[in-house]
Amino acid sequence: MPYFDAASAAPLHPVAREALLAALDEGWADPARLYREGRRARLLLDAAREAAADAVGCRPDELTFTPSGTHAVHAGMFGVLAARRRVGRRLVHSAVEHSAVLHVAEVHAAAGGTVTEVGVDRTGRVAAAAVADALGGDAALVCLQSANHEVGTAQPVEEVAARCREAGVPLLVDAAQSVPWGPVPGAWSVLTASAHKWGGPPGVGLLVVRKGTRFAPQGPLDERESGRSPGFGNLPAVVAAAAALRALRAAAEGGSDEAVRLGGLVDRIRARVPELVPDVEVVGDPVRRLPHLVTFSCLYVDGEALLHELDRAGFSVSSGSSCTSSTLTPSHVLRAMGVLSEGNVRVSLPYGTEAADVERFLTVLPQAVRSVRERFGVPVEEPARRAAEPAAVAEPAAAPGVVVDALGRRCPVPVIELAKVIDQVPVGGTVTVLADDVAARQDIPAWCAMREQEYVGEEPAERGAAYVVRRRV
């Protein structure tokens with residue numbers, strides 16, 4: 001069964017498995033002790049730290065092993081914010097950061113700090129100039145992921161790091177998704193990563209604090225890991241994580257460029273999905289992106305139902321649709337980008353993915369989407385037929401409109417009901433959709449952009465909101 005969700009957790013690398021089993025026999029003792037077993041454990045820990053530091057591009061004494069990538073983000077952010085409290089209490093981050101960053105931002109704001117969120121463009125990329133504009137005398141820390149975990153867009157870390165250095169503000173880079181593919185460039189101050197993203201075992205994170213960065217660890221401290229991650233660490237898992245990362249680097253240096261190969265498979269998916277499935281939006285930057293990840297959204301599709309269809313067909317993928325989340329709200333990443341969220345599918349290929357599995361996915365996907373749409377009564381429409389239809393000319397005078405009541409109905413129903421009636425009004429007429437589903441605020445404007453209709457705006461309603469669309473074609 002092809003597993004296409006490596007961005008959540010990559011399968012355990014064979015080298016990591018071997019190292020884990022060996023370390024369970026050799027690395028069980030306390031590395032802080034001076035007897036033989038402790039010294040042996042210490043040697044394993046030091047070797048793992050050196051290997052991880054070499055892969056990341058830092059000094060070994062700058063790198064701390066933590067219980068998870070999330071723990072590393074939290075410790076890194078709180079440590080810098082506390083150390084720079086006298087300078088200022090303003091945190092700056094992009095609108096598409098991982099929830100680990102957003103959760104710290106909430107706590108920071110509740111404690112009296114301030115937060116500045118920098119928006120992104122439709123590809124999910126932040127502008128370095130926009131980050132620079134957000135800097136000021138009271139900025140304590142900037143957080144920016146190296147590449148987005150949902151859509152794969154790479155961020156201009158090197159340029160942002162230069163702007164931050166000029167302003168004297170440290171930059172924390174969440175490199176969880178990019179570390180498997182190479183070191184993060186630029187003069188960043190703090191970096192975090194997570195082993196289960198590159199084929200290491202879960203429960204190991206990396207926190208790198210470069211020399212010269214003001215840092216004050218928070219919470220109870222002990223003598224381990226420079227006081228930045230207290231407690232007895234999982235040494236066998238640390239050894240396995242470092243071994244996997246070292247193996248990936250060695251393979252790349254030896255001429256096995258898995259990034260290029262997987263990038264070709266992703267290019268295949270990006271090109272073929274819009275050809276095979278009507279009404280699909282491929283999101284994220286098409287060029288400046290992670291090599292193994294592609295995300296697309298399908299109109300008139302319930303994301304959870306689509307994931308179940310693909311699972312039954314033998315494919316494991318993930319989604320940022322609101323209808324697949326416990327909060328019933330669309331992904332904050334897709335919302336910040338202003339793209340369609342319904343029927344969202346994220347495909348992230350693990351190392352070693354076969355081209356034949358990708359081709360089979362492309363064969364299975366159209367029928368899976370068609371099956372879900374049929375359940376909602378969406379008529380099947382082929383892209384070639386729609387493309388051949390001539391565009392209508394808008395009438396100069398305002399025309400009458402209709403109202404669609406979609407209150408109490410979740411995505412993708414409000415958009416489906418809109419699509420069913422748009423042809424019933426003349427060009428220039430309007431359709432008003434009454435909806436209380438949060439996803440409608442995002443998906444109705446996205447539908448308008450995809451179908452070349454005019455989104456007039458949102459108006460208050462007794463329940464939910466009224467979304468007004470004017471027919472243009």
Side-chain angles (χ1 to χ4, degrees), residues 2 4 7 121-125 148 150-153 262-303 305-307 309-310 313 315 317-321 330-331 333-334 337-349 353 355-374 376 378-391 411-412 415-416 418-419 422 442-453 473:
F4 285 178
D121 63 18
R122 195 171 173 82
T123 70
R125 186 175 170 89
N148 187 259
E150 290 194 27
V151 300
T153 297
L262 292 181
L265 296 179
V266 165
D267 287 340
R268 173 74 173 165
I269 297 173
R270 292 184 66 92
R272 289 293 289 153
V273 166
E275 296 172 354
L276 296 169
V277 182
D279 296 314
V280 166
E281 181 178 18
V282 181
V283 300
D285 196 297
V287 178
R288 296 171 295 189
R289 58 172 174 81
L290 292 168
H292 70 309
L293 192 154
V294 56
T295 300
F296 54 89
S297 299
C298 308
L299 268 175
Y300 319 130
V301 170
D302 176 278
L306 180 55
L307 262 59
E309 285 289 328
L310 292 172
F315 291 92
V317 299
S318 62
S319 172
S321 293
S331 151
V333 172
L334 301 178
M337 294 167 61
V339 298
L340 184 71
S341 76
E342 65 186 45
N344 180 260
V345 174
R346 180 185 69 180
V347 174
S348 47
L349 307 178
T353 297
D357 288 334
V358 170
E359 291 303 319
R360 191 163 71 84
F361 174 78
L362 292 173
T363 301
V364 165
L365 179 66
Q367 178 54 43
V369 174
R370 187 179 301 112
S371 176
V372 175
R373 284 175 173 167
E374 287 175 353
F376 287 93
V378 180
V380 177
E381 183 178 13
E382 297 301 329
R385 181 174 65 84
R386 189 176 67 247
E389 293 176 352
C411 74
V415 175
I416 292 174
L418 166 62
I422 191 69
Q442 178 172 342
D443 288 346
I444 290 177
W447 177 89
C448 291
M450 293 176 68
R451 301 309 297 268
E452 299 181 350
Q453 307 295 352
V473 294

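Being a predicted model, the structure only gives us computed values, none of them experimental.
Looking only at distances, a side-chain donor or acceptor of E342 sits under 3.5 Å from a matching main-chain atom of Y300. A donor-acceptor pair under 3.5 Å links the side-chain atoms of D121 to the main chain of R125, judged by distance alone. Side-chain atoms of R373 do not come within 3.5 Å of backbone N or O of R370 as any donor-acceptor pair. With hydrogens and angles ignored, the 3.5 Å screen pairs a side-chain donor or acceptor of S319 with a backbone N or O of N344.
For the pairing with L265, the side-chain contact (heavy atoms from CB on, under 4.5 Å) check across L262, D267, I269 returns one residue only, L262. R346 pairs in a side-chain hydrogen bond (donor to acceptor under 3.5 Å, both in side chains) with only one of the listed residues (S331, S318, S297), which is S318.
Note that CG of L365 is 6.5 Å distant from CG of L306, once rounded to the nearest 0.5 Å. Note: C411 SG to L340 CG = 9.5 Å, rounded to the nearest 0.5 Å. Summarising the geometry, atom CD belonging to E281 is positioned 11.5 Å from atom OG1 belonging to T295; distances are rounded to the nearest 0.5 Å. A distance of 4.5 Å separates CG of D279 from CZ of R451, quoted to the nearest 0.5 Å. Here L299 contributes atom CG and M450 contributes atom CE; the two are 4.0 Å apart, rounded to the nearest 0.5 Å. One distance of note links CG of L290 with CG of L349; it measures 11.5 Å at 0.5 Å rounding.
Every residue two or more places apart in sequence or in another chain was checked for a side chain to side chain donor-acceptor pair (under 3.5 Å) with Q453, and none qualifies. By the side chain to side chain contact (heavy atoms under 4.5 Å, CB included) test, T363 pairs with no residue at all, sequence neighbours left out.
In plain terms, the two heavy atoms of F296 and V280 that are nearest each other are CB-CG1, 3.9 Å. Taking both residues in full, the closest heavy atoms of G284 and R270 are given as O-NH2, 3.7 Å, listed atom of the first, atom of the second, then distance. Minimum interatomic distance between P366 and L362 (heavy atoms only, all atoms of both residues): CD-O, 3.1 Å. Of all non-hydrogen atoms in Q442 and P445, the two that sit nearest each other are O-CD, 3.4 Å. Nearest heavy atom pair, residue D302 against residue A305, reads OD1-N, 2.7 Å. V151 approaches T123 most closely through the heavy-atom pair CG2-O, 4.2 Å.
Side-chain contact between P274 and V282: present, with at least one pair of heavy atoms (C-beta onward) separated by less than 4.5 Å.
The aromatic rings of F4 and F361 lie perpendicular to each other, with more than 60° between the two planes, well past the 30° mark.
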Trace of the side chain to side chain contact (heavy atoms under 4.5 Å, CB included) decision for L293 with V266: CA-CA 7 Å; L293 192 154; V266 165; 6.0 Å; no
Could you go step by step and tell me if R268 and V294 meet the side chain to side chain contact (heavy atoms under 4.5 Å, CB included) rule? CA-CA 10 Å; R268 173 74 173 165; V294 56; over 6 Å; no
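Remark: the N148 side chain and the T153 side chain contain no N/O donor-acceptor pair separated by less than 3.5 Å.
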